[in-house]
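Positions are given from 1, in the same order as the sequence printed here. Predicted, not measured: the structure shown is a model, and the values here were computed from it.
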Amino acid sequence: EQREVIGLLLDEYYNQLLDTIAANRKVERAVVESAFKDVLVLPSEAVKAGLISGVGFEDEFDDQVAALLGGKPEVIEHYGDKSAEDVEAMLGNPFAAFALLPKLLNPPKKEAPKEPYVAIVYATGVIQSGKSQAGFDGTVSSMGSETIVKALDKTYEDDNCKAVVFRVNSPGGSALASDMIWRAIERVKTKKKVVASMGSVAGSGGYWISMGCDAIVAQPCTITGSLGVVSMLPNLSVALKDLGINVEVVAKGPHGDQLSLLKYGPTPELKAVINKMMSNVYASFIEKASKGRRMDKTKLETLARGRVWTGRQAEERGLVDELGGLQDSINIACVMAGGLNPKTTPI
């Protein structure tokens, strides 16, 4: 009886969902139902079906918004922040110090130089969407695409910044977040040169965010390459059965029951969907790496497939341009910037 009640509720929700999407996107309900049968729809396929209006990066979206509004909107980034009076009032509260901790841990940044300079943007840690995260010891534990994109945008907008050294030390992470950072570098390159400087590791997503730079400098023992895509799904179904825990699923829509990880683990249907998405990301990885390295895709693909290389091996195969450290990267950036003196130019 409980299963019947839940099933009827799901029928109602499912039909409302299909009708709402069809009505708002002005497409036939059959089109929406077809998308549900595919479980996950690639962005390009969603455009063709009319489920979304387009595919693009955030800056392209901003341009469209500006066109619709007749001008670039003003974004108030610190709306709602505490004023000096608010902070003074808080000091009467014994717990006020806790509210001030974020500001103490993130002191104001120094202003950029007023004369020509080369900027260094540090991209450290596992790549993820959102903002970079730091531990209590102050070290960066993860690299957030929003934080890195914002830093790159600042170099793009500052005319005194003549070149950028992009210092990468990352084993990879989110493909989406990596692509956002790659796009930001492409934008910076329209106005100034960008040199990737690889630290101890710049593989997978770490290579993704480096491959579009004008030049890539790696240390001989840098771990790099790993042009590939991996995905993981938890399979607790056997463990739950061994513990005597039974999982019941009430689902609506195509493949609903088969997608229950807790009951069946990764089913062939789910694996097929994940493989489709991974293949699409891998194809994009190869396409952009081929463009960035100016290398034929067929040749590049033989160097990809998830294979890891040292910096020296990567240089021999054309995946990086030169061997060297951070100072070497700065020197190259200064030359590319028009001959700035690396010893006297503010960095």
Side-chain angles (χ1 to χ4, degrees), residues 3 6-7 9-10 13-14 17-18 21 32-47 49 51-52 55 125-133 141-146 170-182 201-209 223-289 301 304-308:
R3 175 182 287 274
I6 296 175
L9 291 174
L10 288 180
Y13 296 153
Y14 183 69
L17 181 60
L18 293 178
I21 295 174
V32 184
E33 289 179 313
S34 177
F36 275 59
K37 289 177 182 177
D38 291 335
V39 185
L40 293 176
V41 183
L42 296 177
S44 57
E45 296 172 349
V47 172
L51 297 176
I52 62 176
V55 178
V126 175
I127 305 170
Q128 64 179 22
S129 298
K131 297 181 179 179
S132 298
Q133 302 294 324
S141 58
S142 65
M143 176 200 322
S145 57
E146 288 184 14
S170 170
S174 164
L176 174 61
S178 299
D179 208 26
M180 297 298 103
I181 296 171
W182 172 88
V201 59
S204 190
Y207 189 83
W208 190 312
I209 64 178
I223 300 300
T224 187
S226 189
L227 281 77
V229 186
V230 64
S231 183
M232 292 175 286
L233 291 173
N235 184 0
L236 301 176
S237 57
V238 177
L240 291 174
K241 289 177 182 177
D242 290 344
L243 292 171
I245 299 174
N246 184 48
V247 177
E248 290 289 334
V249 178
V250 181
K252 180 63 181 177
H255 317 300
D257 185 60
Q258 290 81 11
L259 297 181
S260 173
L261 279 172
L262 293 180
K263 186 171 184 178
Y264 301 112
T267 60
E269 291 86 351
L270 183 56
K271 288 181 180 179
V273 170
I274 298 299
N275 277 325
K276 177 182 177 182
M277 302 299 289
M278 290 172 61
S279 296
N280 184 65
V281 173
Y282 183 69
S284 178
F285 201 163
I286 298 299
E287 179 74 31
K288 291 171 179 174
E301 211 280 329
R305 305 173 186 174
R307 175 68 183 267
V308 173

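Side-chain contact between Leu261 and Ser237 is absent, with no heavy atoms from C-beta onward closer than 4.5 Å. Using a 4.5 Å heavy-atom cutoff, the side chains of Tyr13 and Lys252 are not in contact. Annotation: side chain of Lys288 is in contact with side chain of Asp179 (closest heavy-atom distance under 4.5 Å). Considering only heavy atoms from C-beta on, Ser44 stays 4.5 Å or farther from Val55 through its side chain. At least one side-chain heavy atom of Phe36 sits under 4.5 Å from a side-chain heavy atom of Leu17.
Between the Ser170 side chain and the Gly125 main chain, a donor and an acceptor come within less than 3.5 Å of each other. Between the Arg3 side chain and the Val249 main chain, a donor and an acceptor come within less than 3.5 Å of each other. Ser145 contributes no side-chain N or O that, together with a main-chain N or O of Ile181, makes up a donor-acceptor pair within less than 3.5 Å. Of the possible donor and acceptor atoms, one in the side chain of Ser132 sits under 3.5 Å from a partner among the backbone N and O of Gly144. Asn246 places no side-chain N or O within donor-acceptor distance of the main-chain N or O of Glu248, the cut-off being under 3.5 Å.
Around NZ of Lys276, the count of heavy atoms belonging to other residues, nucleotides or ligands within 6.0 Å exceeds 12.
Applying side chain to side chain contact (heavy atoms under 4.5 Å, CB included) to Val273 and the options Leu259, Val39, Asp38, Thr267 leaves one that passes, Val39.
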Check: Should Leu51 and Val32 be marked as a side chain to side chain contact (heavy atoms under 4.5 Å, CB included) after you check the CA-CA gap, both sets of side-chain angles, and the distance that decides it?
Finding: CA-CA 8 Å; Leu51 297 176; Val32 184; 4.3 Å; yes
Next item on the list: Check the pair Met277 / Val229 against side chain to side chain contact (heavy atoms under 4.5 Å, CB included), numbers first and verdict last.
Entry: CA-CA 10 Å; Met277 302 299 289; Val229 186; over 6 Å; no
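Defined by atom type and a distance below 3.5 Å, a donor-acceptor pair is present between the side-chain atoms of Glu301 and Tyr282.
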